[in-house]
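Report on the following structure.
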Amino acid sequence: MKVSIKDNLSKKMLLWYDKNKRDLPWRKSKKDLNPYQTWISEIMLQQTTVEAVIPYFHKFTAKWPTIKKLSESNIEEIMDAWSGLGYYSRAKNIHKAAKIITKEYNDQIPNNYDELIKLPGIGPYTAGAILTIAYDKKASVIDSNIERIILRIQGIKKPKDKVKKELIKISEELCPDIRSGDYVQAMMDLGSAICKPNNPKCNLCPIKKFCYSYKNNLTNLIPIKKTRKPIKIRKARLFWIVSNQNRIFLRRRPLTGLLPGMLEFPSSDWIIKSKESKKEILFPIKGNWKPITGNVMHTFSHFQLSLKIYICRDVNEKKLEGIWKKENDIPNLHLPSLMKKVYKHVFSNTNN
DNA sequence: AACGCGGGGAC
DNA sequence: GTCCCAGCGTT
């Protein structure tokens with residue numbers, strides 16, 4: 001890459017950023033820079049939109065204002081605070097990392113790549129983001145926005161995983177020595193507002209004069225899209241159990257796998273549709289079971305789930321090991337989105 | 001290199 | 001409905 005592009009691109013981006021930056025809660029002035037808040041925001045923002053993160057960031061940092069406080073909390077509290085945000089291993093890893101930072105780094109988030117990358121939940125992107133945004137160091141930072149911008153500017157028509165080394169090199173070269181944090185955030189804002197995946201607004205782009213794809217009308221072809229596999233459909237029966245004290249039965253999922261440690265209403269195994277057996281329904285307890293009209297559908301990252309809900313009333317609470325909650329308390333529980341869909345479906349299809 | 005891992009907004 | 005999002009850990 002030519003030196004003139006390197007210098008001028010970051011200058012253009014910083015000028016653009018000063019005029020167009022979004023006002024986000026984790027964007028502090030220099031004197032208020034807080035590596036802890038940078039870390040939490042970057043973890044929350046992994047594969048998650050800014051709009052979804054904002055309320056969670058406020059709640060989380062209000063409840064745990066320091067790493068020390070966070071390291072002293074328990075995992076259930078953290079999982080509850082994360083419920084609804086998705087990708088729950090991030091919450092587990094934050095807890096693990098907080099303990100390590102407190103124990104081994106005197107409550108200070110490391111300021112070098114080799115130590116950062118060792119922490120659970122911090123990979124190449126997040127390490128670079130913390131180095132630039134929290135510590136104003138020059139680093140290679142590649143998120144999906146910056147990746148797309150570089151591929152377009154350079155007119156790279158190969159699949160991105162074939163040019164990984166090249167992208168790392170270019171992203172570091174483009175990163176300025178001063179205001180590196182502002183620069184990477186400028187690039188991400190540009191990717192979000194201008195250099196979008198589809199129908200980019202090139203006429204508004206401050207760096208279009210550096211862009212091979214703009215000049216050659218290739219922005220709709222770069223980055224090349226790879227076909228993704230269709231996701232499978234799973235089916236299951238979910239059991240809505242009401243006790244003779246008018247409370248609802250829940251249990252906590254195991255701390256590994258899907259929705260780790262989250263509360264749920266019990267269900268049968270989630271079976272892939274083609275393998276569905278016609279065996280008799282195995283209810284968790286004897287009783288007068290009745291199906292509820294309709295199904296609850298929910299799409300996860302790698303499969304879709306269709307739930308048929310069955311309801312049983314007047315159950316003795318001592319017959320089941322788990323958590324019993326009053327119906328009025330259900331909406332206030334920390335449930336994953338799937339289970340929120342479930343209780344809304346039940347409430348709207350029964351007349352309690 | 002491919003997969004498991006959530007949820008929601010834009011279109 | 002499909003695509004995408006400030007990715008990471010595991011296999």
Side-chain angles (χ1 to χ4, degrees), chain A residues 21-22 24-27 37-57 79 82-94 96-97 116-134 139-149 159-162 164 167 171 181-193 195-200 220 223 225-234 253-262 264 270 297-305 334-341:
Chain A
K21 70 185 256 188
R22 290 176 288 181
L24 301 174
W26 46 88
R27 286 186 176 167
Q37 297 197 352
T38 300
W39 171 46
I40 297 300
S41 67
E42 287 304 333
I43 301 295
M44 288 185 169
L45 285 162
Q46 289 167 8
Q47 293 291 286
T48 309
T49 55
V50 166
E51 292 69 29
V53 166
I54 289 172
Y56 283 84
F57 178 81
M79 298 311 289
W82 211 270
S83 63
L85 192 58
Y87 285 158
Y88 298 94
S89 65
R90 296 183 293 179
K92 291 196 290 184
N93 285 332
I94 277 182
K96 283 189 206 166
L116 282 169
I117 199 87
K118 282 193 223 164
L119 293 169
I122 295 183
Y125 163 75
T126 306
I130 291 172
L131 289 175
T132 51
I133 297 169
S140 168
V141 183
I142 303 171
D143 79 314
S144 59
N145 290 305
I146 297 177
E147 181 176 78
R148 184 172 60 254
I149 294 170
K160 55 190 179 186
D161 45 325
K162 304 281 186 192
K164 217 170 184 175
L167 289 172
S171 75
D182 286 348
Y183 162 75
V184 300
Q185 292 181 92
M187 292 287 273
M188 293 189 279
D189 278 12
L190 187 81
S192 167
C195 195
K196 300 183 296 178
N198 300 309
N199 305 317
N220 284 329
K225 306 186 197 293
K226 67 172 181 180
T227 58
R228 77 178 58 179
K229 287 193 215 170
I231 61 175
K232 293 188 168 134
I233 298 176
R234 291 172 184 261
R253 293 176 63 86
L255 275 170
T256 56
L258 188 70
L259 303 176
M262 308 299 290
E264 68 171 5
W270 302 356
M297 305 290 293
H298 188 75
T299 306
F300 292 95
S301 53
H302 53 301
F303 69 91
Q304 190 169 41
L305 181 63
H334 302 282
L335 296 173
S337 293
L338 162 64
M339 295 300 155
K340 290 184 178 175
K341 280 188 192 171

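Residue numbers start from 1 in every chain, and the chains themselves are labelled A, B, ... in the order their sequence lines are given, proteins ahead of strands.
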Practice item. Show your reasoning for whether ring-ring contact (aromatic ring centres under 6.0 Å, His included) applies to A:W82 and A:Y56. Key: CA-CA 7 Å; A:W82 211 270; A:Y56 283 84; 7.4 Å; no
What distance, rounded to whole Å, do you find between the two [atom1] atoms, one in [N] and one in [M]?
N: B:dG6; M: C:dT11; atom1: P; result: 16 Å
N: C:dA6; M: B:dG4; atom1: P; result: 24 Å
N: C:dC4; M: B:dC5; atom1: P; result: 22 Å
N: C:dC8; M: B:dG9; atom1: P; result: 24 Å

Candidates [options] - which lies nearest the side chain of [X]:
X: A:Y88; options: B:dG7, C:dA6, C:dC4; answer: B:dG7
X: A:Y125; options: C:dC5, C:dC8, B:dC3; answer: C:dC8
X: A:N145; options: B:dG7, C:dC8, C:dA6; answer: C:dA6

Looking only at side-chain N and O atoms, does [X] come under 4.0 Å of OP1 or OP2 in [N]?
X: A:T126; N: C:dC8; answer: yes
X: A:S301; N: B:dG4; answer: no
X: A:K225; N: C:dC4; answer: yes
X: A:H298; N: B:dG6; answer: no
X: A:T49; N: B:dG7; answer: no
X: A:R148; N: C:dC5; answer: yes
X: A:H302; N: B:dC5; answer: yes
X: A:R228; N: C:dC4; answer: yes
X: A:Q47; N: C:dC5; answer: no
X: A:Y87; N: C:dC5; answer: no

Check your understanding: More 5' along DNA chain B: A:L259 or A:K196, using each one's nearest nucleotide?
Key ->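 With A:L259 and A:K196 compared, the 5'-side residue is A:L259.
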Review point. When the nearest nucleotide of DNA chain B is assigned to A:T299 and to A:K162 on a heavy-atom basis, which residue is associated with the more 5' position?
Key: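 Its nearest nucleotide lies further toward 5', so the answer is A:K162.
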Would you classify [X] as touching base, sugar-phosphate or nothing, given that sugar-phosphate means primed atoms plus P, OP1 and OP2, and contacts are heavy atoms under 4.0 Å?
X: A:I142; answer: nothing
X: A:I146; answer: nothing
X: A:K92; answer: nothing

Check your understanding: Are the charged groups of A:D143 and A:R148 less than 4.0 angstrom apart, N to O?
Key ->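 No, A:D143 and A:R148 are not salt-bridged.
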Point to revise | d(CD, A:E51; P, C:dA6) in whole Å | key: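 Rounded to the whole Å, the gap is 9 Å.
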Point to revise | Check: A:N145/A:K196 side-chain N/O donor and acceptor closer than 3.5 Å | key: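 Note: A:N145 and A:K196 side chains miss the donor-acceptor criterion.
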Check your understanding: Is there a donor-acceptor contact under 3.5 Å linking the side chains of A:R90 and A:T48?
Key ->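 Yes, side-chain donor-acceptor contact under 3.5 Å.
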Check your understanding: Do A:T48 and B:dG6 share a donor-acceptor pair, side chain to base, under 3.5 Å?
Key ->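 It does, because a donor-acceptor pair links the side chain of A:T48 to the base of B:dG6 below 3.5 Å.
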Which donor-acceptor pairs under 3.5 Å do side chains of residues 116-129 of chain A form with protein atoms, sequence neighbours excluded?
unit_1 : atom_1 : unit_2 : atom_2 : d
A:K118 : NZ     : A:E115 : OE1    : 3.4
A:Y125 : OH     : A:E42  : OE1    : 2.7
A:T126 : OG1    : A:Q46  : NE2    : 3.0

